[in-house]
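As the structure lists them, so they are numbered: ligands from 1, and atoms in each ligand from 1. Remember, predicted model here, so these are calculated numbers, not experimental data.
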Amino acid sequence: MSDCLFCKIINGDIPAKKIHETPELLVFHDIAPKAPFHALVIPKKHITSLNELTVDDEKLIGSLFTAAKKVAADGAFAEKGYRVVFNCGADGGQTVGHLHMHLLGGRSLEWPPG
Ligand code: AMP
Ligand code: ZN
């Protein structure tokens with residue numbers, strides 16, 4: 001999608017601090033971290049939100065979790081714990097219309113979120 005911020009990051013039109021990349025997905029540092037470690041795990045395929053997910057995307061979405069596990073292990077906070085979150089739609093707090101998993105770690109996280 002030409003006007004999508006995260007598609008522009010995938011295409012290299014906007015810079016990002018990349019952590020991990022495969023042909024299907026990209027992991028990069030969030031520009032405004034909410035924890036000592038805050039990365040975004042995104043599919044390279046443009047999917048606007050969880051609402052647009054189809055059964056054909058199930059393997060792709062599974063790969064986001066595997067990537068998060070790897071990045072958490074590499075970040076050395078996996079044993080202490082971390083959180084993965086998908087915000088969906090306005091009430092869910094989604095501000096970028098390209099499906100993304102937040103991976104937060106490095107501190108004790110509160111529950112429930114606001
Ligand atoms: P959400 O509010 O769930 O849609 O999350 C969007 C996330 O994208 C926020 O945590 C933002 O800080 C992050 N973000 C916005 N622009 C950029 C950017 N250019 N590079 C990296 N992260 C970004
Ligand atoms: Zn996109």
- Query: Taking the six-membered ring for Trp, is the centroid-to-centroid distance between Phe86 and His100 below 6.0 Å?
  - Reply: no
- Using atom types as modelled and distance alone, determine if a side-chain donor or acceptor of His46 lies under 3.5 Å from a backbone N or O of Leu99. no
- Any side-chain heavy-atom pair of His102 and Val84 under 4.5 Å: no
- Message: For atom 1 (P) of ligand 1, what is the closest protein heavy atom, and at what distance to 0.1 Å?
- Response: His100 NE2, 3.1 Å
- Sort by chain and number the protein N/O/S atoms found under 2.8 Å from the Zn ion (ligand 2). Cys4 SG, Cys7 SG, His46 ND1, His98 ND1
- Note on the structure: For Lys80, the salt bridge (Lys or Arg N to Asp or Glu O under 4.0 Å) test, sequence neighbours excluded, returns none
- Message: Taking Asp57 first and then Lys45, would you say they form a salt bridge - that is, a charged N and a carboxylate O separated by under 4.0 Å?
- Response: yes
- Message: Grouping I, L, V, M, F, W and Y whenever their side-chain heavy atoms are under 4.5 Å apart, do Tyr82 and Met101 come out in a common cluster?
- Response: yes
- Task: Kindly give the cluster partners of Leu109, where membership spreads through any ILVMFWY side chain lying under 4.5 Å from a current member.
- Result: Val85, Leu104
- Query: Which ligand 1 atoms, with their elements, are less than 4.0 angstrom from a heavy-atom of Gly93?
  - Reply: 1 (P), 2 (O), 3 (O)
- Considering only the protein, which heavy-atom contact is closest to atom 23 (C) of ligand 1, and what is its distance? Ile31 CG2, 3.4 Å
- Query: Looking at CZ of Arg107 and NE2 of His38, how far apart are the two atoms once the value is rounded to the nearest 0.5 Å?
  - Reply: 10.0 Å
Identify every side-chain donor-acceptor pair in residues 16-28 under 3.5 Å, counting partners at least two apart or on other chains, and give the distances.
| from | atom 1 | to | atom 2 | distance (Å) |
| --- | --- | --- | --- | --- |
| Glu21 | OE2 | Lys44 | NZ | 2.8 |
| Thr22 | OG1 | Glu24 | N | 3.1 |
| Thr22 | OG1 | Leu25 | N | 3.1 |

- Query: Just which atoms of ligand 1 are under 4.0 Å from any heavy atom in Ala32?
  - Reply: 12 (O)
- Taking N or O atoms only and a 3.5 Å limit, does His38 qualify as a polar contact for ligand 1? no
- Specify the protein heavy atom at minimum distance from atom 4 (O) of ligand 1: its residue, its atom name, and the distance to 0.1 Å. Thr95 N, 2.6 Å
- Task: Output yes when the distance from some N or O of ligand 1 to some N or O of Leu5 is under 3.5 Å, and no in every other case.
- Result: no
- Tested for side chain to side chain contact (heavy atoms under 4.5 Å, CB included) against Val71, the lone hit among Thr66, Leu103, Val41 is Leu103
- Task: Using a strict cut-off of 4.0 Å, indicate which atoms of ligand 1 neighbour a heavy atom of His29.
- Result: 21 (C)
- Message: Within ligand 1, which atoms have a heavy atom of Phe6 less than 4.0 Å away?
- Response: 8 (O)
- Message: Below 3.5 Å, N or O to N or O, backbone or side chain included: is there any such pair between Gln94 and ligand 1?
- Response: no
- Considering only protein heavy atoms, which is closest to atom 12 (O) of ligand 1, and at what distance to one decimal place? Asp30 OD1, 2.5 Å
- Kindly assign one of parallel, tilted or perpendicular to the pair Phe37 and His29, based on the angle between their ring planes and the thresholds 30° and 60°. perpendicular
- Distance filter under 4.0 Å to Lys34 heavy atoms, resulting ligand 1 atoms: 10 (O), 12 (O)
- Task: Answer yes if Ile61 and Ile42 sit in the same cluster of Ile, Leu, Val, Met, Phe, Trp and Tyr residues linked by side chain heavy atoms under 4.5 Å apart, and no otherwise.
- Result: no
